[in-house]
Amino acid sequence: MTLTKPLPKRICFAVLIGAAAVAAAVGALIMYASAVNPSKAVPAPAKSGNVQMYLNNAPFLTLSDTNPCRADIESGINLLSSKPEVGSEEFCFDPDLTVIDKNGDKFEYGLAVTSYPSPDVEGAESIPDTTAFYMRSFDKRGTGHLKYYAVDSDIKMLQAAIRNAVPYEYKRIGSFEGVVTYIGDGNISLFTEKYGYIPICTDDAKSAIVGDTISARYIGESGEKNNSAKFKADITNITNGDVTKTSPAFLTALPFSYEVLTFEGAEKLNIGYPEVVADRDELEFTLWLYRDSQKMPPQTAAYISKKYDKKFFEDNILLYDKVKSSQTEVKAAIQANWTGDPNILYIKEGEPDQASLVMVAIPRKDWDEEIFELYSLN
């Protein structure tokens with residue numbers, strides 16, 4: 001067994017990462033669902049005629065009378081009254097459209113989902129997630145009601161009209177700053193305190209990393225009409241990869257220490273994401289599994305068991321994950337400060353040489369009992 005890092009190694013960085021959470025229809029950027037909350041207060045937007053309408057659960061993003069998609073949106077909403085309702089779903093995404101009528105009653109429209117876990121038995125048939133389009137209504141007393149509709153061709157046209165209405169309104173806003181929560185294939189998702197989540201399309205996506213603060217200036221739409229609501233932007237990277245400069249309003253940086261264990265058989269460990277060990281019994285069970293399957297040398301398991309004893313778990317939790325390099329560095333452990341995102345372990349691996357096990361200790365008092373995801377720096 002080789003310890004490739006001296007212990008303890010204490011690091012505390014401010015890093016923002018997360019899976020992108022974007023209020024859009026199926027096929028848009030991935031986002032985490034938030035639980036239905038009928039009592040959630042939403043400030044009224046500026047009036048537009050007799051009906052107030054705004055997009056993306058953002059009261060500032062008013063659907064203007066001049067928006068070319070407004071007529072299609074109003075037509076699609078009117079069609080809902082003639083459609084049959086379907087069964088309920090488990091979670092509702094934040095609404096894509098909010099309408100407040102002249103009586104002060106509020107109506108929210110968006111996508112709902114029920115997510116089914118993958119089966120534990122290899123070869124077993126998985127159950128696909130189910131989705132529906134919801135209408136969530138509130139009267140002036142705040143009493144809420146939910147209706148669900150099948151996502152048919154009419155609903156898809158309504159969703160497309162709502163998505164395509166967004167770029168028109170954002171063009172009127174101009175430039176703004178946000179923190180990168182997702183990057184992929186020319187797409188960036190930003191999170192801003194004022195605007196919430198905003199997906200953009202840019203030719204400069206590779207110039208930023210998750211956690212960077214950037215300024216985005218919209219320069220036009222990207223993508224086919226009635227397909228996706230991507231809109232293109234020029235970006236200016238403000239933090240330039242130094243995510244420690246990201247505003248603490250967006251995250252909580254967790255103190256931690258870590259070590260990297262290199263041993264024969266580490267490449268056989270069946271770990272694909274940071275696992276949380278919350279108590280001594282759980283650690284013993286895990287180590288028993290590895291010893292039983294001949295994947296971890298007995299001396300390595302004995303070292304881990306002795307170091308991370310009962311006293312350790314009184315004040316800490318332990319994360320462990322398999323890495324490709326013995327020169328791996330853990331850069332940060334963070335909590336994102338908005339609903340739905342998991343905790344993140346932020347690491348930088350060296351050149352692949354020998355598979356290793358990274359062990360990260362985090363004070364229990366700083367853990368919010370959520371899972372951790374891995375974000376790798378290139």
Side-chain angles (χ1 to χ4, degrees), residues 14-24 28-34 37 40-46 53-64 93-98 108 110 162-163 165-184 186-202 204-205 207-222 228-253 334-342 344 375:
V15 181
L16 172 77
I17 41 184
V22 180
L29 294 175
I30 297 173
M31 74 172 183
Y32 292 95
S34 59
N37 186 0
K40 182 179 180 181
V42 180
M53 306 176 76
Y54 57 86
L55 304 161
N56 283 5
N57 199 30
F60 72 90
L61 197 60
T62 302
L63 182 64
S64 59
F93 293 149
D94 285 342
D96 300 322
L97 175 71
T98 302
E108 298 177 338
I162 294 172
R163 293 196 304 271
V166 173
Y168 179 89
E169 305 302 340
Y170 274 115
K171 286 177 183 178
R172 300 194 300 138
I173 293 173
S175 298
F176 58 88
E177 291 183 10
V179 177
V180 179
T181 62
Y182 170 86
I183 302 174
N187 296 314
I188 292 180
S189 180
L190 302 179
F191 181 79
T192 70
E193 286 184 289
K194 183 176 181 181
Y195 302 153
Y197 289 96
I198 305 173
I200 66 172
C201 178
T202 178
D204 299 321
S207 68
I209 65 172
V210 169
D212 266 332
T213 299
I214 69 174
S215 174
R217 180 178 64 87
Y218 284 90
I219 59 176
E221 298 181 34
S222 175
S228 63
K230 296 176 183 177
F231 29 99
K232 200 165 187 178
D234 280 339
I235 68 172
T236 301
N237 196 330
I238 297 172
T239 51
N240 290 312
D242 185 358
V243 292
T244 63
K245 295 180 179 179
T246 298
S247 170
F250 296 108
L251 60 95
T252 298
I334 67 99
Q335 295 172 4
N337 290 341
W338 55 81
T339 302
D341 283 346
I344 302 293
Y375 185 84

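Residue numbers count from 1 along this sequence.
In this structure, CD1 in I238 is found 9.5 Å from CG in D212, a value given to the nearest 0.5 Å. Interatomic distance, L61 CG to L97 CG, rounded to the nearest 0.5 Å: 10.5 Å. Taking CD1 of I188 as the start and OG of S207 as the end, the distance is 6.5 Å to the nearest 0.5 Å. The CD1 atom of I344 lies 11.0 Å from the CD atom of Q335; values are rounded to the nearest 0.5 Å. With rounding to the nearest 0.5 angstrom, the OH atom of Y182 is 13.0 Å from the CG atom of L190. We find the CG-CG distance between D96 and L55 to be 8.5 Å, quoted to the nearest 0.5 Å.
Closest approach of S64 to Y168, counting heavy atoms only: OG-CE2, 3.4 Å. What you find for I183 and A205 is that their closest heavy atoms are CG2-O, 3.8 Å. Of all the heavy atoms in I200 and A216, the pair that sits closest is CD1-CB, 4.2 Å. Residues V179 and G211 come closest through the heavy atom pair CG1-O, 3.9 Å.
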Next item on the list: Before giving the answer on side-chain contact (heavy atoms from CB on, under 4.5 Å), spell out for K245 and T213 the whole-Å C-alpha distance, their side-chain angles and the decisive distance to 0.1 Å.
Entry: CA-CA 8 Å; K245 295 180 179 179; T213 299; over 6 Å; no

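Counting only distance, with no hydrogens or angles, the side chain of Y375 and the backbone of V210 share a donor-acceptor pair below 3.5 Å. A donor-acceptor pair is defined here as one N or O able to donate and one able to accept, closer than 3.5 Å; such a pair exists between the side chain of T202 and the backbone of A233. Between the side chain of S215 and the backbone N or O of T236, no donor-acceptor pair lies under 3.5 Å.
Remark: aromatic rings of F176 and Y218 are close, center separation under 6.0 Å.
For the 3.5 Å distance criterion, the side chains of T62 and E169 fail to qualify, holding no donor opposite an acceptor.
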